[in-house]
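Every chain is numbered from 1 and lettered A, B, ... according to where its sequence line falls, protein lines coming before strand lines.
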Amino acid sequence: MNSHTRKLLTIVTEAVLESVLIRDIELLGAHGYTVSDVRGKGSRGVRSSSWDSSSNIRVEVLCDEKTAAAIAAHLQAHYYADYAMILFINDVAVLRPEKF
Amino acid sequence: MNSHTRKLLTIVTEAVLESVLIRDIELLGAHGYTVSDVRGKGSRGVRSSSWDSSSNIRVEVLCDEKTAAAIAAHLQAHYYADYAMILFINDVAVLRPEKF
Amino acid sequence: MNSHTRKLLTIVTEAVLESVLIRDIELLGAHGYTVSDVRGKGSRGVRSSSWDSSSNIRVEVLCDEKTAAAIAAHLQAHYYADYAMILFINDVAVLRPEKF
Amino acid sequence: MDPVILFFLLGLAAGLLRSELRLPGAVYDLVSMLLLLAIGMKGGVELARQSLAELLPQTLAVMTMGLLLPAIAYPVLRYAGRFKRADAASIAAHYGSVSVATYAVAAAWFASRDIAFEAHMPLLLAVLEIPAILVGIVLARGLSRDIRLDAVVHEVFLGKGIVLLIGGLLIGWASGPEGIMPLAPLFFDLFKGILALFLLEMGLITAAHFGSLRRHGAFLVLFGVGMPLFASLVGTVFGVVLGFSVGGTAMLATLAASASYIAVPAAMRISVPEANPTLSLAAALGVTFPFNVLAGIPLYHALATKVHVFAGG
Amino acid sequence: MDPVILFFLLGLAAGLLRSELRLPGAVYDLVSMLLLLAIGMKGGVELARQSLAELLPQTLAVMTMGLLLPAIAYPVLRYAGRFKRADAASIAAHYGSVSVATYAVAAAWFASRDIAFEAHMPLLLAVLEIPAILVGIVLARGLSRDIRLDAVVHEVFLGKGIVLLIGGLLIGWASGPEGIMPLAPLFFDLFKGILALFLLEMGLITAAHFGSLRRHGAFLVLFGVGMPLFASLVGTVFGVVLGFSVGGTAMLATLAASASYIAVPAAMRISVPEANPTLSLAAALGVTFPFNVLAGIPLYHALATKVHVFAGG
Amino acid sequence: MDPVILFFLLGLAAGLLRSELRLPGAVYDLVSMLLLLAIGMKGGVELARQSLAELLPQTLAVMTMGLLLPAIAYPVLRYAGRFKRADAASIAAHYGSVSVATYAVAAAWFASRDIAFEAHMPLLLAVLEIPAILVGIVLARGLSRDIRLDAVVHEVFLGKGIVLLIGGLLIGWASGPEGIMPLAPLFFDLFKGILALFLLEMGLITAAHFGSLRRHGAFLVLFGVGMPLFASLVGTVFGVVLGFSVGGTAMLATLAASASYIAVPAAMRISVPEANPTLSLAAALGVTFPFNVLAGIPLYHALATKVHVFAGG
Ligand SMILES: Nc1ncnc2c1ncn2[C@@H]1O[C@H](COP(=O)(O)O)[C@@H](O)[C@H]1O
Ligand SMILES: Nc1ncnc2c1ncn2[C@@H]1O[C@H](COP(=O)(O)O)[C@@H](O)[C@H]1O
Ligand SMILES: Nc1ncnc2c1ncn2[C@@H]1O[C@H](COP(=O)(O)O)[C@@H](O)[C@H]1O
Ligand code: NA
Ligand code: NA
Ligand code: NA
């Protein structure tokens, strides 16, 4: 089994951003993404209702280092100031590096 | 992009623990958390019903190393014996280290 | 706190595979798994409906290196060609290594 | 056979055959919310017609029953069943408390046979949920040990089930039979259909608990049938002594015989975590619930009829 | 008191007592979908009976009201309330728009008192949702700045609420009173029960927003009561001028007085992200919604009655 | 136009305009469960009145039709359509099986026109789901290759759809028309409303599949219209030969013309994974389902009427 290292970028943010975020991510070169519904708390308070405008999503993007850096920079510039959002990156091993 | 390393602590445990666990985590110094509904199987059997008392949650906490260690130790001491629970920790890169 | 390194294998794939995948994973030696409902997009298009046959699951397995490699190889051989599926592996620290 | 019971059997069969059938969590929540609110509202509407003077002693008596039953069950489990202290206490608490689903099935069974019962029964149902939990905690920990009392009280009184049942009672009581009419199409007319869906899921859950029964042996099965039979006797005695009608006596016997699988498991998990939840759920769901809905309810009614003839004659 | 209001109070109490009660997201979605479709369909059935010649001027007048109200609220918030520009604009937009839940409660209140109102009100409800959003964006950004207009238009016109309301209107209109009958059991007969569930969740949400009120001070509370009172006067004037019945006038006053908490928050979050959503939701949900359903609706009806007596001679 | 069809069009429009409207997964599950159970129960109640002697040959004949249709579709797809073997087999299986939603729309269409049809039709609906799946698997793999037969059987007979349909049939049959009455408010009175919600989601799903149609070309569109037209002829012949009424013949033609998009996709995904699911769903959902509900059903009824006049006259 040949494995290669790629970046897994995870974003937790407001559900209302789902469609714009996905558009941005794809424009910045990601080949895919995975979204799930989550709840939580951070500096902008509790976000955990059955209610779209105060619930969160987690978006995960598996990509190469450059794309991860570009997405992170873009999100930091455009969304950090106004939206509940956190972002973190870690290394993962994948089998088909050309895919990501 | 300046990135810094923090710990991502992930807990998978019984849904019934959600509120007490969150209280403990905040008392131990975490600045936030993210929760999602999951199902699974482990040494305490299948936990995957549409039914609170046998469903699981995943709790993720992004924090510094000391807090992660404190939470892990606390959970090990108080919950491991009696509850379905697993816990793991990995390193992630974040952009705003002061936040976590 | 004594921690040990194990592998966290994450699979994102079609919801319809849940039961066969879980069977395979257990046969290959995993002691547990965690499943959650997600949506996403990849090379096989958008998979995000309220509708089983086009929704995704994320399966996470915490295990030792050998088991992770075995599962990855098995999935690559049996499912990669025909199913929407991605797989990645990363190192995590656990407290009770004998459990995984 | 009542069609709602057929839904239970369908769920059971689908579960045992490992069908993919499963009620989504949100649907289960909706269905159980509607049942709890409907039962509460139905009872509340009637409460308006009752005098408090009559209700209070009955309520207290029924609470006593809720303290008594787990206190009797505990030594049986501990010494005959050789369960660990925490397990015996937890199982006892489940059987001292009540099952709303069993109540609903009994109410439907009675209704289809035109058997009247005291209309404030939902109040007693709500009242009976709680004492057994407290007894269970004391049995497991003793009185001396530090118990997270606030967490327990919160779990017990502010759990979803109690809030909806009591909330429904109050809404029914405040609205009265006239005022509640606009809500009848959802809460009353659909009641049996909703109950059918709920029992479908109960069947699936029961099937899932059959497995653990096999592992935990014959004693649980015996207890799961014997305890409700015994408790129904206690309930019948309380019913007769409190001057209930035949229907009311049978219903109190059914409540006594039923075992909780919602409020108590959640409360025990928090307050007696060292108790193994698989044991109590296997007994309550895998044995007692099916026993009660398939065989118990008619039995308890026959018993109440007999005893009333005897007592009244 | 209307039993649906009791459900709101139950939710409020449960929320304030920190009960675990919570409507799953999917159930909230289902319930609000059913309400929006039902309101739309009910209005659409009546639209068929109206002449377009009559509807158009009313619709335009009501849109004007929707432009006027946020334009009045903005300076109050900006200068008396000392809010930042974006925040003042966003709160103003919430109050210029309307709340479907408030409409539904008012419709139920009117129905139980046999107060008739113009049957095409749901059309005005739909029409009123939108202008305030555009005013809010312009107030926050000015006309010059580049606004992601496509995203805004998409968010506003294709948001879930508008699509279901307008969709329901069209379906009702195309089906007519006869054609719609087979759908009545779900959409009309269950309406009040569904509304009760919705208000239960509204109570829980309101309770969650009380906390932020405490942090953001007295001005929001004052505004949250004062603005609907003032807006109801404006609505009453528009109602009288447009020749509405007493019921219709009271309903238009109620719409004017109500503050959006679904369509507008979502639109503002995308188009004026620097506005703090906590402020507007705390006012709209924590103050204005409970004020309207508990006290406002009867008040606005009394006002409309008075003014009609006065205007009618 | 039937209002439930308007819901389909609303969903279609919302989907094509990329509205945010979406039924939560749990709601979709609930709605489809209620439909399947209701259809089953309605049929089951009638089964009690039928003699088995009459049902058995009809059932076998209809199964034969379910084997025949995919066997005819396959060569067309393989040679005229130039699809890969697995794809041709999978699409053929979809068209040999049936669509419960199409059945429900047809039943509603017939009911609103007082067209009677054989009451045990739901049994034939259930029966028709299965044979085409087996044919599809054999076409894709041949008889020799090792097929995970257990997984296939499990998927086919214990899939959610079949369990609920057959379960409903049995419950209806065991309860009889009287016994089922208490469940009527949920399962029968709300039926059309529930169907409307379901079709709203179907419209959204259909819109999502239009895109893949554009990519996969004209042949699929042609096949998606031509195959149901041809299959409806086959269904009509079977109906007439089996001595069905005009309504029953039209319904059998509708079933023949409909293409599965629930049971078969799931079964094919497991047993013929190399088939591209996008192709079959684009045809079944993007073309055939809308064609059938918008134009096909009246057509098949007209056909059945003509043929009956001809055959009977
Ligand atoms: N320290 C943390 N650990 C895990 N999740 C967090 C943390 N901080 C914030 N979050 C998640 O990110 C969302 C937005 O965070 P914030 O912008 O800090 O309000 C929260 O609602 C949480 O779901
Ligand atoms: N090896 C594993 N990999 C992934 N998840 C696991 C594993 N073991 C346990 N879990 C999850 O953790 C929960 C509790 O585990 P346990 O305490 O072993 O029953 C299970 O229900 C699973 O959701
Ligand atoms: N680059 C990616 N990052 C995150 N998730 C992905 C990525 N690519 C694919 N996925 C997920 O994996 C599923 C299957 O991927 P695929 O086989 O490429 O269609 C998708 O539906 C996504 O949920
Ligand atoms: Na009991
Ligand atoms: Na307003
Ligand atoms: Na067919």
Trainee: Given heavy-atom pairs under 4.5 angstrom as the criterion, report whether the side chain, backbone, both or neither of Ile22(B) touches chain A.
Mentor: neither
Trainee: List the atom of Val38(A), the atom of Ser36(B), and the distance in Å for their closest heavy-atom pair.
Mentor: CG1-CB, 3.7 Å
Trainee: Just how far is it from atom CG of Asp37(A) to atom CG of Asp37(B), taken to the nearest 0.5 Å?
Mentor: 9.5 Å
Trainee: Is there a side-chain contact between Leu8(B) and Asn90(A) in this structure, where contact means two heavy atoms from C-beta onward sitting under 4.5 Å apart?
Mentor: no
Trainee: Tell me which of these, Arg58(B), Glu18(B), His31(B), has more heavy-atom pairs under 4.5 Å with chain A than the rest.
Mentor: Glu18(B)
Trainee: Between Tyr80(A) and Arg96(B), is there a cation-pi geometry (under 6.0 Å to ring centre, at most 45° from the normal)?
Mentor: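 Satisfied, under 6.0 Å and within 45°.
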Trainee: Can you say whether Ile57(B) sits under 4.5 Å from chain A via the side chain, the backbone, both, or neither, judging by heavy atoms?
Mentor: side chain
Trainee: Please look at Ile86(A) and chain B and tell me whether the side chain, the backbone, both or neither of the residue comes under 4.5 angstrom of a heavy atom of that chain.
Mentor: both
Trainee: Measure Asp91(A) against the heavy atoms of chain B and call it side chain, backbone, both or neither at under 4.5 Å.
Mentor: neither
Trainee: I'd like to verify something: which residue of Ala30(B), Gly32(B), Ala93(B) has the highest number of heavy-atom pairs under 4.5 Å with chain A?
Mentor: Ala93(B)
Trainee: Might you confirm whether atom NZ of Lys66(A) has over 12 heavy atoms from other residues, nucleotides or ligands at distances under 6.0 Å?
Mentor: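 Result for NZ/Lys66(A): open.
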Trainee: Assess whether atom CD of Glu65(B) is packed by more than 12 heavy atoms of other residues, nucleotides or ligands within 6.0 Å.
Mentor: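 12 or below, so no.
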Trainee: Based on non-hydrogen pairs under 4.5 Å, which of Thr34(B), Val35(B), Val94(B), Thr5(B) is most in contact with chain A?
Mentor: Val35(B)
Trainee: Between Arg6(B) and chain A, with a heavy-atom cut-off of 4.5 Å, which part of the residue counts as in contact: side chain, backbone, both or neither?
Mentor: neither
